[in-house]
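Before any comments, here is the structure.
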Amino acid sequence: MRQRVPAARHERAISVIVEDANAWAGRQDAPLFLEVDRVQFADRLATVGPYLFFDLDQKAAAARARGVDVINLGIGDPDLPTPGPIVDALVAGVHDPATHRYPDYQGAMAFREAVAGFYARRFGVALDPRGEVLGLIGSKEGISHLTWAAVGPGDVVLVPEPAYPVYAVQARMAGAIVVPLPLTAARGFLPDLAAIPDDVWRQAKLLWINYPNNPTGAVADRAFLAEAVARCRQHDVVLASDLAYSEIGYEGYRAPSVLEVPGAREVAVEFFSLSKPYRMTGWRLAAAVGRADALAALSVVKTNTDSGQFTAIQLAGVRALEPDQDAAIAEAVAVYQRRRDLAVAALKAAGFDPPTPSATFYLWVPTPAGVSAAETAARVLDEAGVVLTPGSAYGAAGEGYVRLSLTAADVRLEEACQRIAGLRLA
Ligand SMILES: Cc1ncc(COP(=O)(O)O)c(C=O)c1O
């Protein structure tokens, strides 16, 4: 079954690509690609819009160009620098000519061993670096390529909603049918797996879960993870766990890995990223771990598509995963916790009612009664110069919320909250 979207979205996607191509070609004056015939582009673009954060970046840039002092609390991109020892390890790696050649397709063995070492130390999970760990160019890459490895036209992918957009977008591009699993405050933002009809389970090939959760900040306990493993085992579905925020927990909260559940490695692939814990978003380094046949399938797509991450970056990742860097994570978490508390207090004083998350660096803020997510985000940007992400951009079930990221300096965050309070929206 083809999923259809309104033509306007298609046209928006095309126009973003065209603008991008023109910028790349440095031809703002006489655009090279403006009159391009749409039929040159693949049909699958009709199933996707522009990437959410690309779109938000464009809006923020437009406001900046109008002279607005924009405070961007849209994207979750740590403002703190990567810890020094990790940077030093990269520099040393760059000077080693052995890193200058094509990387190992599965990821450098030292990196795979370091990931296995981290899982053993942090989660008590033993992984075989030769088959249960695969190096990635960031988890976004692995999430995308796992989808292409696991599903094709007509297959069902079970995707929580709201969610990180890549799960659904890649499934749609691969021709699969996305069945949204609504996450509601009433259920602690956990999907109701028992409510999924048997015939949907029968067509399903892939289930995504993501705890600690972006965008809601919710966490899942081992009982939920065990239920997900059991149901995926029962219905022969690949369970994909996105663990991007496992290390960002407050007041001692320690997120579990799905692989802690007995038998999970026969069902589940987990994505562990160095981006958020080690403030390495720009470096593009992550790993897929667990279910060996799914990693092998992912590796087929990957090795036919990319050639792995620069080995020097992987060696820096090895340094990051050493136990002494736990202190660097703790340092950043303390900063986010302080910001979380100041932002929650300031928003409450302004009449909003954000829950206090025990993990992630996001606040999932209910919009004022009767005001949509898009309207709230648009007013906050246009009238206060603050970028928030409208919850509806994470799927229809995200309506009624905006997401605020704590990855801006305290003073900027305080100022953003003051500006939002000044709008008297709530
Ligand atoms: C839930 C989630 N998964 C994956 C990613 C991608 O992270 P990476 O930098 O490893 O590609 C993000 C980035 O924001 C995210 O929020």
Side-chain angles (χ1 to χ4, degrees), residues 51-57 72-80 82 86 107 111 115 118 133-147 159-171 181 183 189 191 206-220 240-249 255 257-258 269-289 298 302 305-306 308-310 313-314 316-317 320-321 329 332 336 357 359-364 387-389 391 393-395 398 403-408:
Y51 187 54
L52 167 62
F53 294 104
F54 181 71
D55 206 31
L56 279 179
D57 267 6
N72 194 341
L73 307 180
I75 196 162
D77 191 356
D79 55 311
L80 306 171
T82 306
I86 303 173
F111 177 65
V115 171
F118 180 87
V133 182
L134 181 67
L136 299 173
I137 309 173
S139 59
K140 186 179 185 182
E141 177 263 297
I143 289 165
S144 303
H145 287 150
L146 177 71
T147 306
V159 180
E161 192 186 286
Y164 179 56
V166 180
Y167 318 135
V169 163
Q170 291 292 341
L181 308 178
L183 306 184
F189 299 108
L206 185 58
L207 164 65
W208 284 101
I209 57 172
N210 163 226
Y211 294 98
N213 183 256
N214 171 18
T216 67
V219 296
S241 161
D242 180 352
L243 201 62
Y245 296 92
S246 58
E247 304 315 297
I248 316 296
S257 154
V258 73
V269 182
E270 189 156 76
F271 291 90
F272 177 77
S273 174
L274 281 78
S275 286
K276 317 284 170 162
Y278 302 105
R279 296 107 78 176
M280 291 176 74
T281 48
W283 299 55
R284 316 309 305 132
L285 190 61
V289 301
L298 165 54
K302 258 187 80 58
T305 307
D306 65 58
Q309 182 51 282
F310 181 27
I313 289 181
Q314 298 189 54
L321 293 166
I329 297 178
Y336 301 138
T360 78
F361 40 55
Y362 301 118
L363 300 187
W364 189 234
V387 181
L388 301 178
T389 320
Y394 299 94
R403 193 195 74 174
L404 180 152
S405 170
L406 301 168
T407 51

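In listed order, ligands and their atoms are each counted from 1. Just so you know, these numbers use all the heavy atoms, side chains as well, and skip hydrogens, waters and symmetry mates.
Annotation for ligand 1: atoms under 4.0 Å from non-hydrogen atoms of Ser139 are 4 (C), 5 (C), 6 (C), 7 (O), 8 (P), 10 (O), 11 (O). Near Ser275, meaning under 4.0 Å from one of its heavy atoms, ligand 1 places the atoms 8 (P), 9 (O), 10 (O). Proximity to Ser273 (heavy-atom distance under 4.0 Å) selects the following atoms of ligand 1: 8 (P), 10 (O). Below 4.0 Å from some heavy atom of Gly138 lie the following atoms of ligand 1, by number and element: 10 (O), 11 (O). Here is the list of ligand 1 atoms found below 4.0 Å of a heavy atom in Asn210: 1 (C).
Considering only heavy atoms from C-beta on, Arg403 comes within 4.5 Å of Asn214 through its side chain. No side-chain heavy atom of Val387 sits under 4.5 Å from any side-chain heavy atom of Ile75.
Looking at ligand 1, you'll find an N or O of Asn214 within less than 3.5 Å of one of its N or O atoms. At least one N or O atom of Asp242 sits closer than 3.5 Å to an N or O atom of ligand 1. Between Arg284 and ligand 1, at least one pair of N/O atoms sits closer than 3.5 Å.
Ring-centre distance between Phe189 and Tyr211: not below the 6.0 Å cut-off.
Using a 4.0 Å cutoff on heavy atoms, Phe271 does not count as a contact of ligand 1.
The aromatic rings of Trp364 and Tyr394 sit perpendicular, their planes meeting at an angle over 60°, well past the 30° parallel limit.
Not one N or O on the side chain of Ser241 forms a donor-acceptor pair closer than 3.5 Å with the backbone of Ile209. Although no hydrogens or angles enter the test, the distance criterion places a donor-acceptor pair under 3.5 Å between the side chain of Gln309 and the main chain of Arg284.
How far OG of Ser273 is from CD of Glu141: 11.0 Å, rounded to the nearest 0.5 Å.
The heavy atom nearest to atom 14 (O) of ligand 1, out of those in Glu141, Lys276, Lys140, Met280, is found in Lys276.
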